[in-house]
Number of protein chains: 2
Amino acid sequence: MSGTGKRRSQKERSAETSTRLMNATIDLLHDRGLARTTTPEIARQAGVSRGALTHHFTTREAIISVSVADMLSKTTRDLHRFAEDFIARGGSSDEIVDYIWQMMDDRLFYVTMEYLPEARHNPDFRADLIPTVRDFHAGLDAIWTALAARTGVDPDHTRIVMNATMCLVRGMISQTVLRPNDPAYYQEMLAFWKQQVRQQFPIEAASAQDSRRKAGTR
Amino acid sequence: MSGTGKRRSQKERSAETSTRLMNATIDLLHDRGLARTTTPEIARQAGVSRGALTHHFTTREAIISVSVADMLSKTTRDLHRFAEDFIARGGSSDEIVDYIWQMMDDRLFYVTMEYLPEARHNPDFRADLIPTVRDFHAGLDAIWTALAARTGVDPDHTRIVMNATMCLVRGMISQTVLRPNDPAYYQEMLAFWKQQVRQQFPIEAASAQDSRRKAGTR
DNA sequence: CATAAGAAACATGCTTGACTGTTTGCAAAA
DNA sequence: TTTTGCAAACAGTCAAGCATGTTTCTTATG
C-alpha cells in the first residue's frame with residue numbers, strides 16, 4: 001500500500017502493523033461493539049495474525065485502551081486545528097455547535113458508548129482514559145474561550161454553555177440508538193440549541209459579514 | 001425470607017422467583033455491567049439455582065430483555081403518577097427537570113448505558129425494547145403537554161424542549177463516568193438548564209386553579 | 001378427606017465452543 | 001549471529017445451552 005518499496009525497516013513494519021491493529025480495533029468497536037471486539041477478530045480485521053497482535057499489545061484491555069486513546073488524541077488534534085482557524089476568522093457559535101455535532105456523530109461518540117460502560121466498572125481502564133479525555137476538553141476550551149473573549153461573556157458562564165452543549169450532543173447520539181432514521185428530529189433539536197447558544201453570546205454581530213457556513217444546517 | 005416453610009401456591013413461588021431473578025439482573029447490570037451479567041452470576045445474586053433461571057427464561061438475552069422492559073415499565077408507572085400529581089397541582093418546569101434528573105440518575109440511565117450498545121448491534125434486542133421505550137415517552141409527554149396547555153405554549157415547541165431536556169440529562173449522566181465526584185458541576189448545569197426552560201414558559205406564575213385532573217391525557 | 005397421579009418449579013451435571021494469555025517456531029532485518 | 005517481527009500451536013478458563021433428576025404443589029377420584 002504505502003510502502004515506498006519492498007524493503008522496509010523494522011520500525012516501518014512495526015508501526016504499520018500497530019496502526020492497522022488500532023484502526024481495526026476502532027472499526028470493530030464501532031461496527032460490532034466491545035463484546036464482539038475479540039483479539040482473533042481484531043487480528044482478522046487488520047489482516048495480521050493473532051501472534052502479531054500479542055507481540056504488540058500484551059493484553060486485550062491494552063490494545064483497546066491504546067486504540068481509544070489514539071482515536072481521542074487524533075480528534076483532539078483536529079479540534080485544535082479547528083480552534084486555530086475559528087479564532088483566526090472569528091467564527092460563529094452556530095459553527096461550533098455544528099462542528100461538535102459532526103465530530104461526535106462521526107463515530108466518536110458511538111465508539112465512546114461502547115467503552116464507557118467498561119470504564120465505569122474497570123478502574124484501570126478508566127484511569128488510562130482520563131488524561132486523554134482531559135486533553136480533549138482542553139481543545140474544546142480553546143474554542144469557547146475565544147468566543148467568550150470576543151463577545152465579552154463571562155468565561156465561567158461560557159464553560160457552562162460549552163459543557164451543556166457537549167452533554168446535549170451526547171444525549172442526542174445516545175437517542176439515535178432507539179430512535180434511528182429521523183435526521184429531521186435531530187436537526188430540529190440542534191437548531192433550537194443553536195438559537196439558545198446565540199442568546200448567550202449577544203454581541204456577536206462584530207464579525208457578522210463573514211457568515212459563510214461550511215456545514216449546511218438542514 | 002418471608003416464607004418460612006409456609007405452603008405457597010405454584011404461582012406465588014413462580015412469581016417470586018421470576019421477580020428475584022429480574023431484580024438481580026438489573027442490580028448486576030448496574031453494579032457490574034452487561035458483560036459481567038452472566039447467567040450463573042444472576043442466579044447467585046438472586047439466591048436461586050441456575051436451573052431455576054433456565055426454567056423461567058429460555059436464554060440469557062431473554063432474561064436481560066425482560067428485566068429491562070420490566071424496569072422501564074415500572075419507571076413509566078411512576079412517571080404517570082408524577083404526571084397526575086403534577087397536573088393536579090400545576091407544578092413548575094423546575095420540578096420537571098429535577099424529577100427527570102433524579103429519575104435518570106437513580107440507576108435508570110446507568111442501566112440504559114449498559115444495554116444501549118447491545119441494542120445498537122442486536123436488532124432483536126432492539127426490537128424488544130422499542131415499544132417499551134415508546135410507552136415511557138408517552139408518559140413524559142403527559143407531563144410536558146400539561147405544562148404547555150397551562151402556559152399556552154406551542155406543543156411542538158414544548159416537545160423540542162422536552163426532548164432537549166432528556167438529551168441533556170442523558171449526556172450529563174454519561175459524563176459522570178469519566179468525571180465523577182463533582183456534584184456541584186452537575187447541579188450548576190441543571191440550574192442553567194432550568195433557567196433556560198423557564199424562559200420557554202414565560203407566563204408560568206399563574207396559579208393552578210384551572211387544572212383539571214381527568215380530562216388531560218390519553 | 002385421603003391419596004395417588006401428574007404437572008409445574010427447581011436443582012445438578014455434562015458438552016461444546018470460544019476467548020485469553022503463553023510458548024514455541026521461523027524468517028527477515030540489523 | 002543476534003535481535004526483532006511475526007506466525008502457529010497449546011493450555012486453561014468459563015459461559016451457554018441442554019438433559020436429566022428431584023422436590024413441591026394441584027387435582028381427580030374413591
Side-chain angles (χ1 to χ4, degrees), chain A residues 1-25 28-29 32-67 114-115 118 121-122 124-125, chain B residues 1-25 28-29 32-67 114-115 118 121-122 124-125:
Chain A
M1 309 205 342
S2 58
T4 51
K6 296 223 74 173
R7 240 190 190 70
R8 294 180 306 166
S9 73
Q10 299 274 58
K11 282 211 164 124
E12 282 170 339
R13 287 211 303 164
S14 183
E16 190 191 322
T17 308
S18 284
T19 304
R20 291 171 71 93
L21 284 166
M22 290 191 293
N23 290 342
T25 302
L28 278 173
L29 282 178
R32 311 200 39 205
L34 178 64
R36 295 166 186 84
T37 303
T38 65
T39 50
E41 202 60 41
I42 294 171
R44 196 173 314 141
Q45 172 90 10
V48 303
S49 76
R50 210 175 79 85
L53 189 154
T54 65
H55 176 73
H56 286 278
F57 303 93
T58 56
T59 171
R60 174 181 180 258
E61 196 176 310
I63 188 175
I64 291 174
S65 173
V66 170
S67 301
E114 295 296 330
Y115 68 72
E118 181 61 22
H121 298 289
N122 187 333
D124 294 335
F125 189 67
Chain B
M1 281 281 184
S2 53
T4 56
K6 278 292 184 184
R7 191 185 173 85
R8 296 176 304 166
S9 76
Q10 301 272 58
K11 282 209 167 126
E12 283 169 339
R13 286 211 304 161
S14 182
E16 189 192 322
T17 307
S18 283
T19 304
R20 291 172 71 92
L21 284 166
M22 289 191 293
N23 290 343
T25 303
L28 279 174
L29 282 178
R32 311 199 39 205
L34 178 64
R36 295 166 185 84
T37 303
T38 64
T39 51
E41 203 59 42
I42 294 171
R44 195 173 313 143
Q45 172 90 9
V48 303
S49 75
R50 211 174 78 84
L53 189 155
T54 65
H55 175 74
H56 287 279
F57 303 94
T58 55
T59 170
R60 173 179 181 262
E61 195 175 313
I63 189 176
I64 291 174
S65 173
V66 171
S67 301
E114 295 296 330
Y115 67 73
E118 182 61 22
H121 298 289
N122 186 334
D124 294 335
F125 188 69

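Protein chains get the first letters and strands the later ones, always in sequence-line order, with residue 1 at the start of each.
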- Task: Check whether any side-chain N or O of A/H55 sits under 4.0 Å from OP1 or OP2 of D/dG5, and answer yes or no.
- Result: yes
- Phosphate OP1/OP2 of C/dA9 contacted by B/T17 side-chain N/O (<4.0 Å): no
- Looking at side-chain heavy atoms only, is the closest gap between A/M22 and A/H56 below 4.5 Å? no
- Taken to the nearest whole Å, CZ/B/R44 to C1'/C/dA11 is 15 Å
- Task: Figure out the CG/P separation between A/L34 and C/dT20, and round it to whole Å.
- Result: 10 Å
- Task: Using whole Å, report how far CD of B/E16 lies from P of D/dC25.
- Result: 12 Å
- For B/S65, the side chain to side chain donor-acceptor pair (under 3.5 Å) test, sequence neighbours excluded, returns B/D128
- Task: Measure the distance from CD on B/Q10 to C1' on D/dT27 and round it to the nearest whole Å.
- Result: 12 Å
- Check the distance between D/dC6's C1' and A/L53's CG and give it to me in whole angstrom. 12 Å
- Query: Excluding sequence neighbours, so at least two apart, what forms side chain to side chain donor-acceptor pair (under 3.5 Å) with A/E118?
  - Reply: A/N122, B/R36
- B/R13 CZ - C/dC10 C1' separation (whole Å): 7 Å
- In whole Å, what is the span from the CG atom of B/L21 to the P atom of C/dA11? 10 Å
- Item | Gap between atoms NZ and C1', on B/K11 and C/dA8 respectively (whole Å) | 12 Å
- Note on the structure: Quick note, B/S49 side chain, CB onward, closest among C/dA11, D/dA7, C/dA9 is C/dA11
- Those residues that, when tested against A/H55, pass side chain to side chain donor-acceptor pair (under 3.5 Å) (two or more places apart): none
- Item | For B/T38, all residues meeting side chain to side chain donor-acceptor pair (under 3.5 Å), sequence neighbours excluded | none
Please tabulate, one pair per line, all N/O donor-acceptor pairs under 3.5 Å involving side-chain atoms of residues 46-54 of chain A, not counting sequence neighbours.
unit_1: A/S49; atom_1: OG; unit_2: A/G51; atom_2: N; d: 3.3
unit_1: A/S49; atom_1: OG; unit_2: A/A52; atom_2: N; d: 3.1
unit_1: A/R50; atom_1: NH1; unit_2: A/T39; atom_2: OG1; d: 3.0
unit_1: A/T54; atom_1: OG1; unit_2: A/G51; atom_2: O; d: 2.9

When you compare the protein's N or O atoms with those of nucleotides 15-18 of chain D, which come within less than 3.5 Å of each other, and at what distance?
unit_1: D/dA16; atom_1: OP1; unit_2: B/R60; atom_2: NE; d: 2.9
unit_1: D/dA16; atom_1: OP2; unit_2: B/T39; atom_2: N; d: 2.9
unit_1: D/dA16; atom_1: OP2; unit_2: B/T39; atom_2: OG1; d: 2.5
unit_1: D/dG17; atom_1: OP1; unit_2: B/T59; atom_2: OG1; d: 3.1
unit_1: D/dG17; atom_1: OP2; unit_2: B/T59; atom_2: OG1; d: 3.4
unit_1: D/dG17; atom_1: OP2; unit_2: B/R60; atom_2: N; d: 3.3
unit_1: D/dG17; atom_1: N7; unit_2: B/R50; atom_2: NH2; d: 2.5
unit_1: D/dG17; atom_1: O6; unit_2: B/R50; atom_2: NH2; d: 2.6

- Note on the structure: Correct closest heavy-atom pair for B/A43 and B/L21 would be CA-CD2, 4.4 Å
